[in-house]
There are 2 protein chains.
Amino acid sequence: MTTIRDVAAAAGVSRATAARVLANPEMVAEATRARVMKSVEELGYTRNSVAASLRTTRTGRIIVTVPDISNPFFSRVIRGVEEAAQKAGYAVLLGDTRNEREREEQYAEMLNRREADGIIFLGHRLPTTLARLLDRDGARAPIVNGCEFTPSLGVSSAHIDNAGAAHEVMRTLYEMGHRDIALITGPDDSPLTRDRLIGARKAAEDRGAERPIVESGDFTIESGRRAGMSLLTRDRPPTAIFCFSDEMAIGALAAARSAGIACPHTISIVGFDDIQMARYVDPPLATVRQPMAEIGRRTVELLLDILNDRQDTPVSATLPHQLVVRESLGPGPHLVASNT
Amino acid sequence: MTTIRDVAAAAGVSRATAARVLANPEMVAEATRARVMKSVEELGYTRNSVAASLRTTRTGRIIVTVPDISNPFFSRVIRGVEEAAQKAGYAVLLGDTRNEREREEQYAEMLNRREADGIIFLGHRLPTTLARLLDRDGARAPIVNGCEFTPSLGVSSAHIDNAGAAHEVMRTLYEMGHRDIALITGPDDSPLTRDRLIGARKAAEDRGAERPIVESGDFTIESGRRAGMSLLTRDRPPTAIFCFSDEMAIGALAAARSAGIACPHTISIVGFDDIQMARYVDPPLATVRQPMAEIGRRTVELLLDILNDRQDTPVSATLPHQLVVRESLGPGPHLVASNT
DNA sequence: TTGTATGCGTTATCAT
DNA sequence: ATGATAACGCATACAA
């Protein structure tokens, strides 16, 4: 491989000068610069980023861990991450953790080995390696979370107002005449589930309504189908189901179809995320739109702020969500009564 | 940061010995080893991978570029890649190229800068940087393709028999009594489109049937919807549409629904890939199953073979596909006639 | 079994 | 404006 040495030799200058042409061209005389550039071209020189990193202690990489890259919500977030990172000159090291703690730790360890400058973790578990780092460096540790926010972690995060969004959905369901409402949540230990649950229950309370029935899922289609089936075969089934992910809602939709229960006529279904598929299923799915790419971009910005010493206290970036009403949401049995 | 020097000093041995404990423990005396390990623990030492890479010229990373990570087909392939890479001790640098040549080149350049040991590109365009490398090192260049195979490139690749699969779909459609068949293909310049087109036309020829009508899309839902709409509003619409991706098929399904055309009664629709959503749409989508994760894993194996000098001639790995018949595929108008 | 010494290719400091 | 030179932290050939 050709090194800066070769270039310098070919151009008849010192290594220092050759290096300067590449790093600070304006510091070098026009003629010398041209000569060096010519050698660079001729020899096909490209900088060895490993050597550069050793010297500068910067890798130009960020790690991003995600519970499941094949989940359409996360893949959109990742797209935002990649876009922002690439624009800022960073490369993305992708870690699919499959929700396994061990894999989360493995990727966190990479930060210690200096394989990357920082880490963005999507998901709710803070690997112990990162906790240690956080302990030592506080808010200056290059760690950012996406989607789930737990203030006590002391980590910057980009997310929506999950409690608020869930509250809105429930209020809308009540206004449309629904009283028997069920929830299909995410895993019980996730702050995201917790926040939405808080918002949903608060709405019931505000309304003086019964507490919603709760089934928990894991955000997958299949878990939505199962939970949906279980809800729809109850003695007194709900008239509306609010799912904490679109994929689960699509599963619930499939459950209703196979049980011969019409949506939205007999059962209304609302999802969460507004993945692309939401508008193409039958009936089109009402949902809460999350700005997925923007969440991804924002986590990168938060991380860059830390890396560039522009931030020394954790930031909680709340991005706007939007309730998207589509045909899967119809009036409930109490609509008239509640309107008069 | 604590380095191997600190560890050596703390343990009262030379740097070499300390380093050996970590790399070749069996070469070091039991007692010394224990002493060194103790220092490692106490000081919280972790190897600086950048320095190690500079010395060994191995990064332990592979680059994977993908046209669109939010495409469910690719995200599954990537999952397979990540899994296999991680298992082999490699990390994955993800590049979402958005089908833009410039971005493809950018990621290819990273190989030159030694930011990774090899590259897997999903998509059909070979960046010029890689072409140059291939020119120089032939089959020993650490470059592998996934999904699309063009023998002339001289690159190892993992994929299915696209022509064969398309042939099978068409044959099945004919056998079920369809005569007016339309195709919604991918981009015209992709070998994948070309191969499937070849297979489909061959099937028509073998059958002595008319050439299928062709609309081209770009694998997205929206392009499928558009193409589907255009096909369904023809003077003499087809009775079956074979789409080169499930997402386009789902778009076509939506088009049929909005046009009031019943599937499968009036129009049969077949997709390609068997993404998870295929079985949950209404009606469930008939399709060709591709072993997505396996394709991903296999590309990694092919790359590792090159990196470990186990392979010096390009390999074309053809993985098995499977026609999956579901309700979106029904009998055509000529079923009885053709059977008697 | 352990230690000494060198170099990987940069970047950056300090002279000139 | 340019050059000489010293790290960065590790791995390893060679010597002891």
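Computed from a prediction, not measured in an experiment: that's the story for all the values here. Every chain is numbered from 1 and lettered A, B, ... according to where its sequence line falls, protein lines coming before strand lines.
Of the side-chain N and O atoms in Thr32(A), one or more sit less than 4.0 angstrom from OP1 or OP2 of dT2(D). One finds no side-chain N or O of Ser14(B) lying less than 4.0 angstrom from the OP1 or OP2 phosphate oxygen of dT4(C). The phosphate of dG9(C) has neither OP1 nor OP2 within less than 4.0 Å of any side-chain N or O from Thr3(A).
Remark: P of dA12(C) and CZ of Arg58(A) are 12 Å apart, rounded to the nearest angstrom. For Glu30(B) and dT1(C), the CD to P distance is 12 Å, given to the nearest whole Å. Per the geometry, CG belonging to Leu43(B) stands 15 Å off C1' belonging to dG9(D), to the nearest Å. Arg47(A) places its CZ atom 16 Å from the C1' atom of dC8(C), with the value rounded to the nearest Å. Summarising the geometry, the separation between CZ on Arg114(A) and P on dT10(C) is reported as 22 Å, rounded to the nearest angstrom. Distance Arg5(B) CZ to dC10(D) C1': 10 Å, rounded to the nearest Å. In this structure, CG of Asp6(B) is placed 9 Å from P of dG9(D), rounded to the nearest angstrom. When the C1' atom of dT2(D) is taken as reference, atom CZ of Arg15(A) falls 14 Å away, rounded to whole Å.
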Check: What do the steps show when you test Glu105(A) against Thr128(A) for side chain to side chain donor-acceptor pair (under 3.5 Å), and what is the final call?
Finding: CA-CA 7 Å; Glu105(A) 294 288 352; Thr128(A) 62; 3.2 Å; yes
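Side-chain N/O atoms of Arg20(A) and base N/O atoms of dG3(D) include a donor-acceptor pair closer than 3.5 Å.
Salt bridge Arg297(B)/Glu301(B): absent, no basic N to carboxylate O contact under 4.0 Å.
Nearer to the 5' terminus of DNA chain C, by closest-nucleotide assignment, is the contact made by Ala18(B) (compared with the other of Thr57(B) and Ala18(B)). Ranked by how close their nearest DNA chain D nucleotide is to the 5' end, Ala16(A) and Asn24(B) are led by Ala16(A).
Within 4.0 Å of Val28(B), counting heavy atoms only, lie sugar-phosphate atoms of the nucleic acid but no base atom. Within 4.0 Å (heavy atoms only), Ile4(B) reaches sugar-phosphate atoms of the nucleic acid but no base atom.
Met37(A) is listed as a side-chain neighbour of Val21(A), based on a closest heavy-atom distance under 4.5 Å.
Among the nucleotides dG3(D), dT2(C), dT10(C), the one closest to the side chain of Val13(A) is dG3(D). The listed nucleotides are dG9(C), dA12(C), dC10(D); the one nearest the side chain of Thr56(A) is dA12(C). Side chain of Leu54(B), nearest nucleotide from dC8(C), dC10(D), dT10(C): dC8(C). Distance from the side chain of Ala29(B) is smallest for dT2(C) among the nucleotides dT2(C), dG9(C), dG9(D).
A side-chain donor-acceptor contact under 3.5 Å links Arg114(A) and Thr46(B).
Under the 3.5 Å distance criterion, the side-chain polar atoms of Ser39(B) are matched with a main-chain donor or acceptor of Arg35(B).
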